[in-house]
Student: 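The structure that follows is given in the form of structure tokens.
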2 protein chains.
Amino acid sequence: MASQDTSFIPDMPPGPLDTYRCRVSFDWKKLKLIFEDKDMLQLKMKVWETLLSDHIFHHLPVTPSSEEQKRRAALQLAKFHQFGFYSNEIMNNKYKKKTRCMMTINEATAALHMDLSVKFALGIALCTNTVLSLGTERHLPFYKATWTGEILSCLALTEVAHGSNTKKMRTTATYDPKTQEFVIHTPDFLAAKCWVGNLGKTCTYAILFAQLITADGECHGLHAFVVPIRDPKTLLPYTGIIVGDMGEKLGLNGIDNGFMMFQNYRIPRESLLNKMSDVTPEGEYETCFTNPQQQLGAALENLSTGRVGIIQESSNTLSHAVCIAVRYSAVRKQFGPNDNDDELAIIEYQLQQWRLFPYMAAACTMKVFVSLFTDQYLNCVEETNCGGKLRRLSGMVAEIHAMVSACKPLITWTCSSAIQECREACGGNGYLKASGLGDLRNNHDAKVTYEGDNNVLVQQASNWLLRQWRSVNDSENKKEVASPLQTVDFLINAGEILQKKFRGRVKEDVMSHNFVEEAFQWMLCWLLRSTEEKYQANLLATNNKFHAKNSVQVYLARTLSLVYAQNNVLVYFWKRCSDNSLESSLKSVLEKLYLLYGLWCLDQNLTVLYQGGYACGPELSNLVKDGVLYLCSALKDEAIGVVDALAPPDYILNSVLGTADGKVYDNLQAAFFHNPRGMERPSWWNEIVPKISSKL
Amino acid sequence: MASQDTSFIPDMPPGPLDTYRCRVSFDWKKLKLIFEDKDMLQLKMKVWETLLSDHIFHHLPVTPSSEEQKRRAALQLAKFHQFGFYSNEIMNNKYKKKTRCMMTINEATAALHMDLSVKFALGIALCTNTVLSLGTERHLPFYKATWTGEILSCLALTEVAHGSNTKKMRTTATYDPKTQEFVIHTPDFLAAKCWVGNLGKTCTYAILFAQLITADGECHGLHAFVVPIRDPKTLLPYTGIIVGDMGEKLGLNGIDNGFMMFQNYRIPRESLLNKMSDVTPEGEYETCFTNPQQQLGAALENLSTGRVGIIQESSNTLSHAVCIAVRYSAVRKQFGPNDNDDELAIIEYQLQQWRLFPYMAAACTMKVFVSLFTDQYLNCVEETNCGGKLRRLSGMVAEIHAMVSACKPLITWTCSSAIQECREACGGNGYLKASGLGDLRNNHDAKVTYEGDNNVLVQQASNWLLRQWRSVNDSENKKEVASPLQTVDFLINAGEILQKKFRGRVKEDVMSHNFVEEAFQWMLCWLLRSTEEKYQANLLATNNKFHAKNSVQVYLARTLSLVYAQNNVLVYFWKRCSDNSLESSLKSVLEKLYLLYGLWCLDQNLTVLYQGGYACGPELSNLVKDGVLYLCSALKDEAIGVVDALAPPDYILNSVLGTADGKVYDNLQAAFFHNPRGMERPSWWNEIVPKISSKL
């Protein structure tokens, strides 16, 4: 570790941040290489450099119209293809290495232009992946043309009246044996496809999910079809399709989210992605043989790739927001011990530390968690490709799905609240577009409800957790936890864990990994037991599983999933902290960050600990809160080093408040003086002058 | 009450909301008249009707450029003046009636176009008020011309490097006896005035705050001056002033927030607003005699008018957000007990109720609180004008200032989180601009940091609270609380209150006004005692008041202020509930709303109640949480009635998800199909076609 080469990372420029930067006790470049793999960081830097070489990727000081944003994103996508980031060197790697590189290119793109990365992820990555996992040889030309950018595709699943409940989709694909075609039809506006990225203006093909109906009228459920949408030469939609753009959104306006209705629109039989099932020319529906392990892996990938991408991007966004606010706080001064003295940098105020540092700790722990977890996820998919033992693989797939379902909500919500706190912590200046925080917020905001609404996903995680709980407490098969990734193997000791009581009296009693681990395990066991008990009681009273489940969500199942996600983040991060080759200066700051995030989470969940009887009296609350404040204060002189390690280059961060040199006021002056037309008389001056003419 | 005429309120149109609307147990129009004074509601409706008669006030389906937003807001302001809402009929009233009407006109304007209302509030209301309270007869022409819209003004206080700490402002106004002029100067960019609404592009005058320096070099502190900025005939700035627009913001882009630097810019001696102090032609600084009561009232008005406006507007914004999400939840269906049955409206889910109804209860309680408190505030200012007893008045002024300082943060933050929850509760559709929630968020967001940063204001409230605590516990003058508005008179019984313990066992033990009152009083006493104890301990350890105060903010003083604000909201609302003339159906729903907001606040503060020993064991937490869920369920069939009472007309709410007829899907279809250029081929199609040509 000590010998790791960090020379490729540029130094920080001098400026007002030096006051704090020189107090940092560790080498921030080495910390950066804990947050990011060296090769991947270099790949990111290469992507950024390449993109920035073309002005179409530059940031604009004034927000263009939605229409112009769409045009720019479309041109960016074309240029992105030309740059050929997905070189043979990358694509010839094995699955894991290859995918990790692709994910890194996506992270780099997303940090610069979230719009572009979403357009690519949906239109190319997701569509080609779907074709690979659901299609057969005959779809290879489509796959290739999509991958090279010759055609732009989109994935149409959501309908106007149905999002989360996919079973209720009503678009139909009825097979007509006479012409050997599927007839696609949208019964009414409620069944119109919507929210389809790339569909609004630009795509030429769609991968469409529709209910497959055979000539005998039988419905075989949702299937995917490759459907031509627009003439690639003219970009005019084909007759039989009503398609358009959904209009402005709160952010991501470079993406042309579209809606679409079909009027008995005919496509060839071969359009069906037919790996799992097919329809014969004569109209017989048949299920095809597929390898169960591979099917498992494909299912996991289809469900998870987007969500893993989201947690990667969100942990970056969170880091960027924190970086802006912490740097600003080290430069901005306001008030001081008395009127004559110099004022204090606002980072000196306990309140400001408490508002920001827990989010900084969250950013660090989540970055590390996401990176380690991604490895595990990719290993798992790779294993399904090599064909491991089915039972073990299906256990792993289920556990990974549960983790993603809990962590995507935790990380995206933490990111949302962090952005808002950072925006407020920068005062009025955080409200300037030039702060960068508004764009972070508006573009991030979609993530809490797309690719699985957070409030729906947490239920999937708690369902899995409850299954594990039941299997541990099953009197027949006691002590079986299907947790190959060991995220809940402590449940075997639930009886013992639930006996524990907090008896701490001094700071050291909470400032330890052991305490954090114990408290989290206790909470998880207690929440599981309480959820299950309430569920069973409800079931007994109503005899209705659906209602019984709905009425344990608030306060119980929902909290359970989020605490489970917090615990995963902490456990994975702690593994990284415990690496014996770590320099002691790094180890020391990592442990502080671990404890801060851990105690801060516990502080939010204190009621559970009191309600369940783990604690009684003032000590636990006092010690946890004192611990948080102690850690804030202990991290004050390290914070600039920590955010330097989290920070991307200035042109990616794109904030006048957060540049590496800390020259906030120079940046503000430049922003004000160079604000396009900012110092010009408005062109419409003569429309208002007759109305305000002084008679003084 | 029963005889109150509600016929002027239009009925709700039929539609999908009827299913729930017909279950409502009370007359929503009567509830509306509890939330809004009848005369004021009629005034609002008149303002809306008048504004909507001119297309410049209509909403646009596509966000215009920032520049165009500024043009529209400027034209709207001109038109607004022409409409003459401030008729003689209104302006000839006594202070209280007159101001209440002006506030109502502002509320109506803000609900339609927040930009416009801010431009008016800053440029006309605030500037004329400042001239009245700080200026003399010679400034009357300026006052009148501003009021009639002949000139547009702005108020320049904040500087680039100083916002909250006004004492450190560095713009100077140095008196030159030779020419009898003040020389205004900005030493450097850090002292540039900024964030000045109307300054960027449109104003012709500024009321400028600068350090007054006499020829002998003595600085006499901040004073206000009337300063010409632009030639009213050409809108070109005068030589000696560098002025421009600050650029895009996260919202409110119709307001031209400007920055400005002076280069030894000269203005006549008479420009000084000289009611409190003046400079003689020869250059002598002198303080003028003023009536202390009036000065008190003027100070209160200067500090509070903007903030009272903010809590009025925020309680409306909060209501609008809740109205959109609750109506949508009653129409949107997803999942159901089993796949074959009809799906359930999402309002049926406990989780959705729990996410939205507490905010609905907050909206109701806050609307009523704000209305009653505004009355009190206006009475207080009126009393200062009539000259009451100085001691009593200054007590009242201090208490009102404390209330505003606590309630502005509480209400604006509640509004922010409500908007976000409502946006998420509408799923992806909440992310559409057409949902209206994005504009609510972006325009509201400024309020948490302007007119007193929330985190700074809460400290002013806690300072006042601590003074009351000390005066109660002062062994010399025991039992004196300077709380003429009785918001903390229970502190006299603090000893007794702090002895109380929660011993409840059944639902009824928490579902009562008595319990909520007791728990809140206990929390306030405990937080006060704990804050004071920690402050004294810190003071003893550091001998530094500044540091001692800073280190009691987190967890203590900050929580104290917010709990104080919650308690005020609850106490005022309860007063309204206790009105004996209320119909029982209204009383019943109001009590549920009171309890829901009260228990929900307590749930957030449970740790305090456990930590301080008010409770031990699971009962309190269980009962409070069960109470919240019980109330959510009890309000489910009333919710549509409640939001109908909160809702403004559809064209004000401006949301496809929240129209009174509940025709969400018709509205979405219209929005998609009428989205300007939404179904057109993009004009830039030929720029991307060569890049995506199918070879299939």
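A note on names: the letters A, B, ... follow the listed sequences, proteins ahead of strands, and every chain is numbered from 1. Just so we're clear, the structure is a prediction, and the values are computed from it rather than from any experiment.
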Student: Looking at A:Leu344, A:Leu77, A:Asp603, which one has more heavy-atom pairs under 4.5 Å with chain B than the rest?
Tutor: A:Asp603

Student: Please classify the contact between B:Leu190 and chain A as side chain, backbone, both or neither, with a heavy-atom cut-off of under 4.5 Å.
Tutor: side chain

Student: Do you know which two heavy atoms are closest between A:Met679 and B:Ile242, and how far apart they sit?
Tutor: CE-CG2, 3.5 Å

Student: Side-chain contact test, heavy atoms from C-beta onward, threshold under 4.5 Å: evaluate it for B:Glu68 versus A:Trp684 and give yes or no.
Tutor: no

Student: Within 45° of the ring axis of B:Tyr431 and under 6.0 Å from its six-membered ring centre, is that where the NZ or CZ of A:Lys249 lies?
Tutor: no

Student: Taking atom types as modelled, is there a side-chain donor on B:Thr449 or A:Arg423 under 3.5 Å from an acceptor on the other?
Tutor: yes

Student: Minimum heavy-atom separation for A:Asn544 to B:Pro337, with atom names?
Tutor: ND2-CB, 4.4 Å

Student: Any luck finding a side-chain donor-acceptor pair between B:Gln553 and A:Trp354 under 3.5 Å?
Tutor: no

Student: Is a side-chain donor-acceptor pair under 3.5 Å present for A:Asp445 with B:Gln420?
Tutor: yes

Student: Check each atom of B:Gln604 against the heavy atoms of chain A and say whether the ones under 4.5 Å are side chain, backbone, both or neither.
Tutor: neither

Student: Does A:Asp245 pair with B:Arg677 as a salt bridge, N-O distance under 4.0 Å?
Tutor: no

Student: Quick check for you: among A:Asn675, A:Leu250, A:Asn455, which has the greatest number of heavy-atom pairs under 4.5 Å with chain B?
Tutor: A:Leu250

Student: Quick one: does A:His162's side chain get under 4.5 Å of B:Lys333's, heavy atoms only?
Tutor: no

Student: Do A:Gln611 and B:Asn622 get their side chains close enough for a donor-acceptor pair, meaning under 3.5 Å?
Tutor: yes

Student: Give a yes or no on whether a salt bridge exists between A:Glu687 and B:Arg71, defined as a side-chain N under 4.0 angstrom from a carboxylate O.
Tutor: yes

Student: Looking at A:Ser683, A:Gly251, A:Ala671, A:Cys426, which makes the most heavy-atom pairs under 4.5 Å with chain B?
Tutor: A:Gly251

Student: Between B:Thr607 and chain A, which part of the residue has a heavy atom less than 4.5 Å away: side chain, backbone, both or neither?
Tutor: both

Student: Please step through side-chain contact (heavy atoms from CB on, under 4.5 Å) for the pair B:Asn338 and A:Lys545, ending with a clear verdict.
Tutor: CA-CA 10 Å; B:Asn338 55 62; A:Lys545 283 189 183 181; over 6 Å; no

Student: With only heavy atoms counted, which part of B:Glu343 is less than 4.5 Å from chain A, the side chain, the backbone, both or neither?
Tutor: side chain

Student: Which bit of B:Pro61 comes within less than 4.5 Å of chain A, counting heavy atoms only: side chain, backbone, both or neither?
Tutor: backbone

